[in-house]
Chemist: 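Please find one structure pasted underneath; my questions will follow.
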Amino acid sequence: MSAQVIAFLILLPITLVFIYAGIHEFQRYKSEGKASYGLVYDEESGTTHVSGIADHEDPYDPDDFDPNNYNDPEVKNDIDPQVETELPKA
């Protein structure tokens, strides 16, 4: 096989995926209108992913959240660690 045929066979699936995604996005645009995309935060898994964002919602701002503290038990507690509370003596 020549180099051009091998290159064509490698690029063909990638090209088809981009064409499919373009057609899908065009159909979505015709039915729903303009969309804005951004990061969406999933509280259950502590991860973010790119998704469509509604006009009334704010996109996720990575500066507002530190994912390294997600599994930290001190962050999940409702008690402020700097405020000392007195326990009743029995």
Side-chain angles (χ1 to χ4, degrees):
M1 264 194 224
S2 69
Q4 287 103 1
V5 173
I6 293 173
F8 176 76
L9 291 176
I10 291 172
L11 293 176
L12 181 63
I14 297 169
T15 305
L16 293 176
V17 167
F18 276 104
I19 290 171
Y20 175 77
I23 292 170
H24 180 72
E25 180 63 20
F26 181 71
Q27 289 175 341
R28 190 217 49 83
Y29 174 74
K30 286 190 80 169
S31 66
E32 298 176 16
K34 183 178 177 185
S36 61
Y37 292 96
L39 283 177
V40 176
Y41 177 67
D42 183 12
E43 292 181 10
E44 293 179 7
S45 63
T47 60
T48 59
H49 61 277
V50 176
S51 180
I53 298 176
D55 291 336
H56 64 279
E57 294 181 8
D58 291 331
Y60 170 73
D61 186 12
D63 295 333
D64 291 343
F65 181 76
D66 184 12
N68 293 327
N69 292 334
Y70 180 74
N71 292 326
D72 191 3
E74 292 179 10
V75 173
K76 289 185 179 180
N77 289 342
D78 293 333
I79 300 172
D80 189 4
Q82 296 187 8
V83 177
E84 295 181 21
T85 57
E86 290 185 27
L87 296 174
K89 296 180 182 180

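Quantities reported herein were computed from a predicted structural model and do not represent experimental measurements. Index from 1, following the sequence. Because only heavy atoms are used, hydrogens play no part in the values below, and waters and symmetry mates are left out as well, while side chains stay in.
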Chemist: If you link ILVMFWY side chains whenever their heavy atoms are less than 4.5 Å apart, which other residues fall into the same cluster as F18? By chain and number, please.
Modeler: I14
Chemist: side-chain contact (heavy atoms from CB on, under 4.5 Å) with I23: which residues, sequence neighbours excluded?
Modeler: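 So I23 forms a side-chain contact (heavy atoms from CB on, under 4.5 Å) with I19, Q27.
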Chemist: With I6, which residues qualify under side-chain contact (heavy atoms from CB on, under 4.5 Å), at least two apart?
Modeler: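 Residues passing side-chain contact (heavy atoms from CB on, under 4.5 Å) with I6: M1, I10.
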Chemist: Any idea which heavy atoms bring L11 and T15 closest together, and the distance?
Modeler: O-OG1, 2.8 Å
Chemist: For residues 9-29, which residue pairs pass the salt bridge (Lys or Arg N to Asp or Glu O under 4.0 Å) check, not counting sequence neighbours?
Modeler: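 Applying salt bridge (Lys or Arg N to Asp or Glu O under 4.0 Å) to every pair that reaches into residues 9-29, excluding sequence neighbours, yields E25-R28, R28-E32.
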Chemist: Is L16 linked to F8 within one hydrophobic cluster, defined over Ile, Leu, Val, Met, Phe, Trp and Tyr using a side-chain heavy-atom separation of less than 4.5 Å?
Modeler: yes
Chemist: For S31, which residues count as a side-chain contact (heavy atoms from CB on, under 4.5 Å) partner, sequence neighbours excluded?
Modeler: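 Counting only residues at least two positions away or on another chain, S31 forms no side-chain contact (heavy atoms from CB on, under 4.5 Å).
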